[in-house]
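The structure under discussion appears below in the form of structure tokens.
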Amino acid sequence: MILVVGLTIQCNGGVTSTYRRRMAASDDMPLNADVFQPPPGYNAPQQVHITQGDYDGSAVIVAWVTPSEVGSNTVRYGTSNTTLDMSAEGTVSQYKYFTYTSGYIHQCTLKGLQFGTTYYYSVEANGTARTFSFKTPPQPGPDSSYTFGIIGDLGQTFDSNSTLTHYKANTNAAALLYVGDFSYADNYPNHDNVRWDTWGRFTESSVAYQPWIWTFGNHELDFAPEIGETTPFKPVSNRYPTPYSASGSTEQYYYAVRRASAHIIVLASYSAYGSSNPQYKWLQTELKKVDRTVTPWLIVLIHAPWYNSYKSHYMEGETVRVQFEAMMVKYKVDVVFAGHVHAYERSHRISNIGYNITNANCSPVSNNNAPVYITVGDGGNMEGLSTE
Ligand SMILES: [Fe+2]
């Protein structure tokens with residue numbers, strides 16, 4: 001009888017949260033919204049964000065902006081909030097986009113951190129120091145328990161604020177998997193990059209304290225030849241670093257990290273993916289490095305889903321699926337998370353890799369070696385939900 005009850009419980013996923021996105025689209029918060037306000041103090045560091053800085057989680061990349069003049073590139077850090085006895089030097093850069101000129105964007109990698117340890121860190125400019133903290137993950141290993149959050153398509157509306165507030169209320173999640181489409185600044189005239197700054201200040205209350213592992217979406221392209229902006233991903237590439245070289249990647253937009261018991265592969269929907277291209281060759285190499293005795297979980301992040309039954313963005317991920325899906329099956333990826341379609345959807349373990357032009361085997365079939373595909377649901381951006 002006890003066994004029967006146990007099986008019953010295991011077969012019922014149940015309701016994990018009562019939190020629901022409103023059906024109607026929400027407006028972006030106004031520029032004077034409280035969550036967009038700069039911190040007090042002239043030229044105080046703002047838009048502080050961190051991401052994993054190496055392959056295994058013993059480094060963290062810290063990035064921040066000093067808006068008015070070049071602030072210090074130094075990050076002071078330590079394991080006590082009263083004694084920041086270590087320091088690292090970063091770099092600073094600036095970019096222009098049409099008539100916009102960014103603030104001074106600082107980036108600094110803290111290396112050689114102890115696993116499973118809380119660190120405090122401080123960035124400073126013109127006499128204003130701001131201190132934050134993060135906890136490094138446990139050393140990669142099969143018994144390293146860890147909880148990830150996941151958000152995509154966040155934007156900066158009132159609903160986006162609701163999403164982030166809801167996420168921060170969950171104290172279990174120790175790092176966030178972000179499946180692309182950040183600020184939606186490109187929906188403004190001339191891709192008003194001021195809305196990149198507001199998004200940076202809005203998200204700081206989470207991403208300054210835990211790493212967000214970035215996947216890049218179409219709203220990060222900011223490709224606008226009509227205003228002379230012909231370099232794809234210019235704002236995001238300047239603002240949001242990734243540890244791509246640690247996994248042998250040669251581009252910021254696809255990379256891998258190991259974190260606790262998970263091997264996480266970040267793919268790029270909007271970088272070349274053909275079999276002669278760097279992303280394809282890198283993925284082949286990276287998958288061979290996966291050691292399930294160390295990281296039993298193999299997770300893939302990509303922006304545009306490969307399985308999507310909604311009208312919204314229907315088949316947009318198809319050409320990338322055709323290139324990459326066989327590798328997902330060969331290496332038994334557990335789950336592929338995507339965003340882009342503003343709705344939730346989850347597949348069974350299916351594959352569609354049997355087609356060879358002449359055999360007509362072009363329908364997905366059940367395949368226990370295949371991943372589960374999850375489109376994570378909308379973060380709250382101004383475009384609203386996909387409902388059909
Ligand atoms: Fe998208």
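Since the structure is predicted, the reported quantities are computational estimates derived from the model, not experimental observations. Order of listing sets the numbers, starting from 1, for every ligand and every atom in it.
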Excluding waters, how many protein N/O/S atoms sit closer than 2.8 Å to the Fe ion (ligand 1)? 4
Side-chain donor-acceptor pairs of residues 266-277 under 3.5 Å, sequence neighbours excluded:
residue, atom, partner, partner atom, Å
Ser269, OG, Ala304, N, 3.0
Tyr273, OH, Thr319, OG1, 2.8

Chi angles and distances behind the salt bridge (charged side-chain N to carboxylate O under 4.0 Å, His left out) call for Glu204, Arg201: CA-CA 5 Å; Glu204 183 191 84; Arg201 294 194 290 270; over 6 Å; no
Between Thr82 and Ser80, do the side chains contain a donor N or O and an acceptor N or O under 3.5 Å apart? yes
Determine yes or no for a side-chain-to-main-chain donor-acceptor pair under 3.5 angstrom, with His303 supplying the side chain and Val179 the backbone.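 The answer is yes, because a donor-acceptor pair under 3.5 Å joins these two groups.
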Donor-acceptor pair, distance only, cut-off 3.5 Å: does the side chain of Ser386 make one with the backbone of Val341?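 No, because the side chain of Ser386 does not come within donor-acceptor range (under 3.5 Å) of the backbone of Val341.
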Within 45 degrees of the axis of the six-membered ring of Tyr209 and under 6.0 Å from its centre: does Lys168 put its NZ or CZ there?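 No - Lys168 does not lie over the ring of Tyr209 by the 6.0 Å and 45° rule.
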